[in-house]
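Every heavy atom of this structure was used, including side-chain atoms; hydrogens, water molecules and symmetry mates were not. These numbers were taken from a predicted model, which means no experiment stands behind them. Chain A is the first sequence line, chain B the second, and so forth, proteins listed ahead of strands; every chain is numbered from 1.
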2 protein chains.
Amino acid sequence: MTAVENATGPVPSFDPYERGCPSRDLLDQIGSKWAVLVLGELGQNGTSRFSRLRQALAGVSEKMLTQTLRTLERDGLVSRTVYPEVPPHVEYELTALGQTLREPLKALTEWSVLHIEEVITAREEYDGRTR
Amino acid sequence: MTAVENATGPVPSFDPYERGCPSRDLLDQIGSKWAVLVLGELGQNGTSRFSRLRQALAGVSEKMLTQTLRTLERDGLVSRTVYPEVPPHVEYELTALGQTLREPLKALTEWSVLHIEEVITAREEYDGRTR
DNA sequence: CTCAATGCTTTCAGTTTGGTAAGTACCGTA
DNA sequence: TACGGTACTTACCAAACTGAAAGCATTGAG
């Protein structure tokens, strides 16, 4: 980001087109495969447990799911509530900030479902043209 | 994807939550760092040359830019027009399909700029809480 | 004493990614 | 003959990411 002036003084300005700007990394984060799906699932169900997420996101390894959840928690997008029971019980939920991502991510997810066939066709044409 | 029936017979159904579904990979593609920025830049300027994109996306290597552009072209999101001149002249532009991605990606990009500070704060809190 | 349940955490090895840097092609110009 | 400008392409290597599998902690049930 660069420094910009306003009435009250210098203010940080963020731009993902700038090298090293944290907003670029964030953009990358929230657009990553597992994060999009976790956020989507939590947006849909309101709250979910680890095991349920693992089933919903067919094919995630536990490691990746844990890692994704940790990052999302750290970024303040997801809250993690532990119920001190045996066996363990943990609930994940979108925070207020996480909620604000629902619409944008839903739009993106729907786009991919809606247009995947067009894209597949385009790929076949391209491959035929160039091979 | 799974097979689903309708009045005219079996129809493919796509779901990024399914393991191996091509819509999952597509979602990953269109959400990837450089693709988002290239698409955003082309959406903004209508058309752009290789060297201009390289400048706009501060920090991309030529290799990554070429690679991203090729993938986008293959997927039918971007068109590539070569003007047979010396020195070479190539113009990139969004296709009609690419245009439909402008809004969703713009929303995501703006989200990251708008909320990066909140996220940074959340990270600091998290790190303080857990360290 | 062993097992089951849940949510991790760790380790290992293999794959993929990404950057750097150099090379390619073309042709008009000096 | 060497150089510049544009858009790549290729080779190389280190770092990051991934998945599979096994380990861990806790405690009630059998």
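Taking the screw axis at each terminus of the helix from dC1(C)-dG30(D) to dA30(C)-dT1(D) from five consecutive base pairs, the angle between the two is 40° to within rounding of 10 degrees.
At dA5(C), none of the side-chain N or O atoms of S51(A) fall inside 4.0 Å of OP1 or OP2 (strictly under the cut-off). Residue R49(A) has no polar side-chain atom (N or O) positioned under 4.0 Å from OP1 or OP2 of dC8(C). Distances shown here put every side-chain N or O of Y83(A) at or beyond 4.0 Å from the OP1 or OP2 atom of dG7(C). In this structure, R54(B) does not reach the dC8(D) phosphate: none of its side-chain N or O atoms is under 4.0 Å from OP1 or OP2.
With sequence neighbours excluded, no residue satisfies side chain to side chain donor-acceptor pair (under 3.5 Å) with D25(B). Legend: residues meeting side-chain contact (heavy atoms from CB on, under 4.5 Å) with Q67(B), ordered by chain and number and at least two apart, are K63(B), M64(B). For R70(B), the side-chain contact (heavy atoms from CB on, under 4.5 Å) criterion is met by Y126(A), T66(B), E73(B), R80(B), Y92(B), not counting sequence neighbours. Evaluation of the side-chain contact (heavy atoms from CB on, under 4.5 Å) rule for E93(A) yields T47(A), S79(A) as partners, not counting sequence neighbours.
Listed for the R102(B) side chain is a donor-acceptor partner under 3.5 Å among the backbone atoms of G43(B). Remark: side-chain polar atoms of T95(A) are paired, donor with acceptor, to backbone N or O of G76(A) under 3.5 angstrom.
Rounded to whole angstrom, the span from the CZ atom of F50(A) across to the C1' atom of dG7(C) amounts to 6 Å. dA7(D) atom P lies 15 Å from atom CD of E73(B), rounded to whole Å. As a whole-Å value, the separation of L72(A) CG from dC8(C) P is 13 Å. At whole-Å resolution of the value, CG in L65(A) and P in dT6(C) are 15 Å apart. Rounding to whole angstrom units, CG of residue L69(B) and P of dC8(D) are separated by 7 Å. Rounded to whole Å, atom P of dC8(C) lies 11 Å from atom CD of E91(A).
Counted within 6.0 Å of CD on Q99(B), heavy atoms from surrounding residues, nucleotides or ligands total more than 12; the atom is thus considered enclosed.
Between dC8(D), dT9(C), dG7(C), one nucleotide has an atom nearer to the side chain of R80(A) than all others, and that is dG7(C). Of the listed nucleotides (dC8(C), dG7(C), dA7(D)), dC8(C) has the atom at the smallest distance from the side chain of R70(A).
At a threshold of 4.5 Å between non-hydrogen side-chain atoms, the residues Y83(B) and V90(B) do not count as touching. E18(B) places none of its side-chain heavy atoms less than 4.5 Å from the side chain of R24(B).
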Report summary line: Heavy-atom contacts, protein to nucleotides 14-30 of chain D, under 4.0 Å, summarised as B (base), S (sugar-phosphate only) or - (none) per nt, yield ----BBB-----BB---

